[in-house]
2 protein chains.
Amino acid sequence: MATPKNIQDFDPTLFLEEIKKRVDVSREQLDAFIKLWEFKKFKKNEFILRAGEVPKFSIFVLKGCLRQYIVSESGEESIVYFAEERHFIGDLAAMRTNTVSNYHFQAIEECELLTISAENWAKAFAEFPWWTDAHLTGYQKWALLLQQQMAERHTLTGEERYLNLLKAKPKLFQRVPQHYIASYLGISPETLSRIRKKIFNT
Amino acid sequence: MATPKNIQDFDPTLFLEEIKKRVDVSREQLDAFIKLWEFKKFKKNEFILRAGEVPKFSIFVLKGCLRQYIVSESGEESIVYFAEERHFIGDLAAMRTNTVSNYHFQAIEECELLTISAENWAKAFAEFPWWTDAHLTGYQKWALLLQQQMAERHTLTGEERYLNLLKAKPKLFQRVPQHYIASYLGISPETLSRIRKKIFNT
DNA sequence: AGAATTTCTTGACTTTAGTCAACGTTTTAA
DNA sequence: TTAAAACGTTGACTAAAGTCAAGAAATTCT
């Protein structure tokens, strides 16, 4: 279970750093802003949000790692995103429109998260233009990146995509099971095993 | 060549309809808003924006159809998006940060577009909160959709993806060359030809 | 520590899709 | 209106990746 509410004794440094990376904003603004977030802990393998439910909050990862995945009609799981420390994750569109999400969000390790409710998200949006701005910029970049990844899914082999990911997120490979990486890359665990064998035995 | 500037005799109906679909906003607001956009025509196959250049504007399609594609290191083209009538398209992230885009935007047919410059985009963003809101919502949904498409790229066969697209955008198949569809689906033109043969000859 | 579970590896075989080349058809442009 | 270019189809072959099954290795739980 998630720890109850308002355990406010978390260290906000990481969070503030990430905000400041994106926008230039005063300490007072940040203090007011951070009050809209709530600290929550989750155990390994615990579900943070589930497909078929209306998301109650959106997430910033202080510690740990979680996966976002979708289950196809045929029952196959497909991981679409890993959120490590310093990453935002969630289904804002579903949360804001009060509709069910298609995605599961699960802790891969014990996690410490900051969460923001739909109400507080709306407040932040109304009161802090710099936040809206940073958000929009983030999404604009992210959408382009996703398109690029799709193109790479089309033009590169599994091996090439594996090497790219290894270069881009080396730490990820130390902390998540290999078959999760396979799911994210869109290849079978067996194929990933063979790719690794080929790469490292030559 | 694109026609010069400020040919303002376009019919804004389509554009206004799309805005109203997203937000509830007064006629006065819309009138002021639409002044920030410029009408442009492009001939078939003409490049609207090119990879390696800083995008000068972002786009709404009044008439025609265009493709957004990326060229891989190995020189392979990969179409990531088709924009038909009523669609927004562009590389806002690159435009706003004054950096070069990785994407080409090319007219597939003769096109009539509304374009907005970086300056006017910033104005719209500052002056029309409803626009920012609609924009953000749009991106939030779009990012989720792209993730879903990536998952489908992983779990479905080429044939299944073809049938899905045929159902989702039937008109697209009447107007764009088949090998563009293949590029978008991430399969070779030959494979698409065989998929079609199999589907329609049984 | 030891049993149970999960994860990873390997082999044999199948499926899906890509490549190359040839040729017919359609579209475009001089 | 005809030549050229672009597009689509087909065949033969190849490559990439999936599936199924068995077993080894690692991790988790009690």
Side-chain angles (χ1 to χ4, degrees), chain A residues 42-46 65 67 69 72 74-79 82 106-110 150-166 172-202, chain B residues 1 42-47 65 67 69 72 74-79 82 106-110 150-166 172-202:
Chain A
F42 288 86
K43 296 214 195 80
K44 182 169 178 176
N45 292 330
E46 195 176 353
C65 182
R67 67 184 181 124
Y69 68 97
S72 73
S74 61
E76 247 182 303
E77 283 185 11
S78 192
I79 296 177
F82 292 108
Q106 185 184 23
I108 295 177
E109 310 167 353
E110 174 164 306
M150 181 68 89
E152 287 176 359
R153 176 65 180 81
H154 291 165
T155 55
L156 304 182
T157 63
E159 183 173 339
E160 291 169 315
R161 301 200 308 281
Y162 172 78
L163 289 170
N164 282 172
L165 185 62
L166 193 59
L172 193 64
F173 293 75
Q174 310 306 121
R175 65 198 305 186
V176 316
Q178 197 169 295
H179 69 278
Y180 282 178
I181 301 282
S183 170
Y184 180 76
L185 290 173
I187 58 184
S188 68
E190 294 94 332
T191 297
L192 180 51
S193 178
R194 290 183 181 110
I195 287 171
R196 285 167 47 81
K197 187 182 178 187
K198 188 189 158 206
I199 292 173
F200 298 119
N201 289 5
T202 43
Chain B
M1 280 291 99
F42 288 85
K43 296 214 194 77
K44 181 169 177 174
N45 292 330
E46 194 175 354
F47 280 92
C65 181
R67 68 183 180 125
Y69 68 96
S72 73
S74 62
E76 247 182 303
E77 282 186 12
S78 191
I79 296 178
F82 291 110
Q106 185 184 23
I108 295 177
E109 310 168 352
E110 175 164 305
M150 181 69 87
E152 286 176 359
R153 177 65 181 78
H154 291 165
T155 55
L156 304 181
T157 64
E159 182 174 340
E160 290 169 315
R161 301 201 307 280
Y162 172 77
L163 289 170
N164 282 172
L165 185 62
L166 193 58
L172 194 64
F173 293 75
Q174 310 306 122
R175 65 199 302 189
V176 315
Q178 197 169 296
H179 68 280
Y180 282 178
I181 301 281
S183 170
Y184 180 76
L185 290 172
I187 58 185
S188 69
E190 294 94 332
T191 296
L192 181 52
S193 178
R194 291 186 180 107
I195 286 171
R196 286 169 46 82
K197 187 183 179 187
K198 188 189 158 205
I199 292 173
F200 299 119
N201 289 5
T202 45

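Each chain gets a letter, A, B and so on, in the order its sequence line appears, and its residues count up from 1. Treat the numbers as computed from the prediction; the structure is a model and nothing was measured.
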Write down the distance between [atom1] ([X]) and [atom2] ([N]), rounded to a whole number of angstrom.
X	N	atom1	atom2	value
B/I187	D/dA16	CD1	P	18 Å
A/R196	C/dC8	CZ	P	9 Å
B/R153	D/dA17	CZ	P	10 Å
B/I181	D/dC7	CD1	P	13 Å
A/H154	C/dT19	NE2	P	14 Å
A/R175	D/dT27	CZ	P	16 Å
A/N45	D/dT27	CG	P	15 Å
B/L163	C/dT16	CG	P	14 Å

**Q.** Interatomic distance, B/H179 atom NE2 to B/I79 atom CD1 [nearest 0.5 angstrom]
**A.** 7.0 Å

Q: Would you give the length of the straight line joining atom CE of A/M150 to atom CZ of B/R153, rounded to the nearest 0.5 angstrom?
A: 8.0 Å

Q | Single hit among A/K44, A/R67, A/R175 for salt bridge (charged side-chain N to carboxylate O under 4.0 Å, His left out) with A/E109 | A | A/R175

(Q) On DNA chain C, compare the nucleotides closest to A/V176 and B/L156; which residue's is nearer the 5' end? (A) A/V176

(Q) Please pick, from C/dG18, C/dT7, D/dC7, the nucleotide with the shortest atom-to-atom distance to any side-chain atom of B/P177. (A) D/dC7

**Q.** From D/dA17, C/dT16, C/dG11, nucleotide with atom closest to A/K197 side chain
**A.** C/dG11

Q.
If you compare all heavy atoms of A/S78 against all heavy atoms of A/S183, which two are closest, and at what distance to 0.1 Å?
A. CA-OG, 3.6 Å

Q. In terms of ring plane angle, is the pair B/F47 and B/Y69 parallel, tilted or perpendicular, where the classes change at 30° and 60°?
A. tilted

Q | Whether A/Y180 and A/F82 hold their rings parallel, tilted or perpendicular, with breakpoints at 30° and 60° | A | tilted

Q) Does B/Q178 place a side-chain N or O at less than 4.0 Å from the phosphate oxygens OP1/OP2 of D/dA6? A) no

Q) Between B/H179 and D/dG8, is there a side-chain N or O to OP1/OP2 distance below 4.0 Å? A) yes

Q) Should A/L172 and A/Y184 be marked as a side-chain contact (heavy atoms from CB on, under 4.5 Å) after you check the CA-CA gap, both sets of side-chain angles, and the distance that decides it? A) CA-CA 12 Å; A/L172 193 64; A/Y184 180 76; 5.8 Å; no

**Q.** Residues touching DNA chain D, which here means a heavy atom under 4.0 Å, drawn from residues 188-195 of chain A
**A.** A/S188, A/E190, A/T191, A/R194

